[in-house]
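All values below were derived from every heavy atom in this structure, side-chain atoms included, with hydrogens, water molecules and symmetry-related copies excluded. Remember, it's 1-based here, ligands and their atoms both numbered in the order they're listed. Since this is a predicted model, take the numbers as computed values, not measurements.
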Amino acid sequence: MGKQTKYIFITGGVVSGLGKGIAGSSIGTILKSAGKSVFMQKQDPYLNVDPGTMNPVEHGEVYVTADGGETDLDLGHYERFIDTNLTKTSSFSAGKIYWEVINDERKGKYKGQTVQTIPHITEKIIEKIYACSNNNEVDFVIVEIGGTIGDIESQPFIEAIRQIKSRLPEENTLFVHVALLTYLNVTGEFKTKPIQHSVKEMLSHGIQPDILVARCDVDAPVPPNITRKISNLCNLKPEEVIIGANEASIYDVPLALHRQNIHEVISEKMNVNLKPNLKDWIEASEKKKNSTNKVTISLVGKYVDLQDAYLSVSESLKISGIWNSAQIKINWINSRKLTATNIDEQLSGSDGILVPGGFGIDGVEGKVLAAGYARENKIPYLGICLGMQIACIEFARNVLGHKDANSSEFDLDSQNQVIHLIEGNNKDQLGGTLRLGEYETTIVKGTKAEKLYGSKAIERHRHRYEFNNKYRDEFESAGMKISGVYKKDDLVEIVEITDHPFFIAAQYHPEFTSRLSKPNPLFDGFIKAIISIK
Ligand code: GLN
């Protein structure tokens, strides 16, 4: 028999938001560092078909995979941790599953059978999980089930993973349950009852967790008798109970799990011999502890009330900070409230200014002001997607003198649409019309971009509008250089201001390719430039 992929399922108990994604990614990191190939998948029990059109304020950022999947932000953690490009297969929602099953039904695929949650929905879920194994090429697939055990909508997912367990050899599946270990301040005691209840709930679905991560949100040390109590009452050995304490950084979690020998439990239960080597992670942790430079970056966006809307951007800054021995402080600036009158007070303390991606006219003028402030005051600027379009609009208005310059996304009457829709992009439909996923940028010789990337950059996109090529010469002669292009369709990918310490903006999203072990070149260059002039 050939190789058979092993599956690790991550479920959550007691409350949501415990960091199941980080726990799963950390396990993935440990496996990867032991030389295993790892693929990850997130299943979300909500009914939206994909997160593409979900409000970032409610749901956090939309993470884009190399193949153009618009996915849940947890995939960003997965990729930053395990350093593997995931795909559209890595994320699906209940909405997508039901949609596919109903479409199959309409096409007559079920030949008149009654279509039901079990077996039709569960079989579809199982098919999606098996698809991750790439015909058993991958050593481990880690599947995170969103939500909390006991939720009505997650039941078909739990049933599907139970069935997988019953179909595969014992050593090929492992269940990790991440549940909240509560602490009562009044009595100063840890309480294990909610964990017991959530394991009981798992058992009622026919699943005994193999490992329990007791996630504890207080800084008091968890006494050994609590671990014993959990293990005793949840049918586990003490070494199968892992304490998930708050760490200084999420990038310390693989080290914390490794210290508690989670790899030995996995090795034994899954019949493998894991010898993890977390060298990069130890080095990053040490560097972080000893970082001396303090860097303040103003992130000017409209969703700053929910910082998860910019999760990959802030993690990319942190990762570049770690390797450049810098402690990054993000100054969250609401672009809707930024005006010519308050800009000095809001931005004067910034070592760098970053305008991230965004959609819609709301808050755009505040971002234009921020780009202008960075340009004039020679403060390092990194523009991402909308942040690049904004930089071009600002330059066209205030350097080229086209006072009404704009993007056709915001002003259809402008005579100077320096950013516009190009033919073939559909104006009327919201879903599915974006330029999505990975494209290769050819870098122009002699530019700052070349110093950072070399001759090409492969980065991910998620946008509809493009730089208007009619203005290229005018921009270049006035000092804004086109430093990267997508050759095939002659699209501008990177612009930079020559006479400036660091003013670079890209039409793509560099934040989606940062890895703990490999910071993205644009973010790295941005932080290095800041440190060099500080
Ligand atoms: N709204 C702009 C566009 O569609 C920018 C998108 C983005 O920043 N992701 O082109």
Side-chain angles (χ1 to χ4, degrees), residues 50-57 59-66 68-71 73 76 299-304 306 308-314 316 335-336 353-368 370-371 381-394 396 405-412 414 417-439 441 459-469 471 484-486 489 491-495 504-514 520 522-523:
D50 65 45
T53 49
M54 285 169 85
N55 184 349
V57 174
H59 193 71
E61 82 177 1
V62 173
Y63 186 79
V64 181
T65 52
E70 295 179 281
T71 68
L73 52 75
L299 191 150
V300 185
K302 71 172 167 181
Y303 302 125
V304 290
L306 180 82
D308 269 2
Y310 303 111
L311 184 67
S312 291
V313 173
S314 56
S316 295
S335 62
R336 293 182 238 225
I353 294 175
L354 189 154
V355 177
F359 290 84
I361 190 167
D362 230 11
V364 155
E365 290 305 319
K367 294 177 190 175
V368 173
Y381 177 87
L382 180 59
I384 296 178
C385 206
L386 179 63
M388 176 202 114
Q389 301 175 351
I390 291 288
C392 296
I393 294 169
E394 193 281 326
N406 219 323
S407 158
S408 61
E409 182 179 4
F410 314 127
D411 182 5
L412 276 174
S414 158
Q417 295 179 1
V418 291
I419 307 294
H420 67 164
L421 273 185
I422 53 164
E423 242 171 86
N425 284 7
N426 184 345
K427 293 181 203 183
D428 304 321
Q429 208 186 325
L430 259 189
T433 56
L434 295 166
R435 182 169 171 228
L436 277 169
E438 211 169 72
Y439 290 84
T441 296
E459 296 280 14
R460 301 179 193 175
H461 297 67
R462 181 172 183 255
H463 65 108
R464 216 171 261 119
Y465 296 81
E466 304 285 351
F467 183 89
N468 185 342
N469 281 339
Y471 291 92
V485 284
Y486 175 56
D489 294 334
L491 300 175
V492 171
E493 294 276 25
I494 315 176
V495 298
I504 301 194
Q507 187 57 80
Y508 52 76
H509 289 269
E511 71 272 28
F512 296 142
T513 53
S514 294
N520 173 280
L522 278 192
F523 281 92

_Could you tell me if the side chain of His509 sits less than 4.5 Å from the side chain of Tyr63, heavy atoms only?_
no
*Answer yes or no: is there a side-chain heavy-atom contact under 4.5 Å between Ile384 and Val355?*
no
*asked:* Using side-chain heavy atoms (C-beta onward) and a distance below 4.5 Å, is Leu354 in contact with Phe523?
replied: yes
*Kindly write out the residues that satisfy ring pair (Phe, Tyr, Trp, His ring centres under 6.0 Å) with His461, not counting sequence neighbours, or none if the list is empty.*
Tyr439, His463, Tyr508
*Test: Arg435 cationic atom under 6.0 Å from Tyr486 six-membered ring centre, within 45° of axis*: yes
_Per-ligand residue contacts, ligand 1, heavy-atom threshold under 4.0 Å_ = Gly357, Gly358, Phe359, Cys385, Leu386, Gln389, Glu409, Arg462, His463, Arg464, Tyr465, His509
*For the residue pair Asn469 and Val492, establish whether any side-chain heavy-atom pair is separated by less than 4.5 Å.*
yes
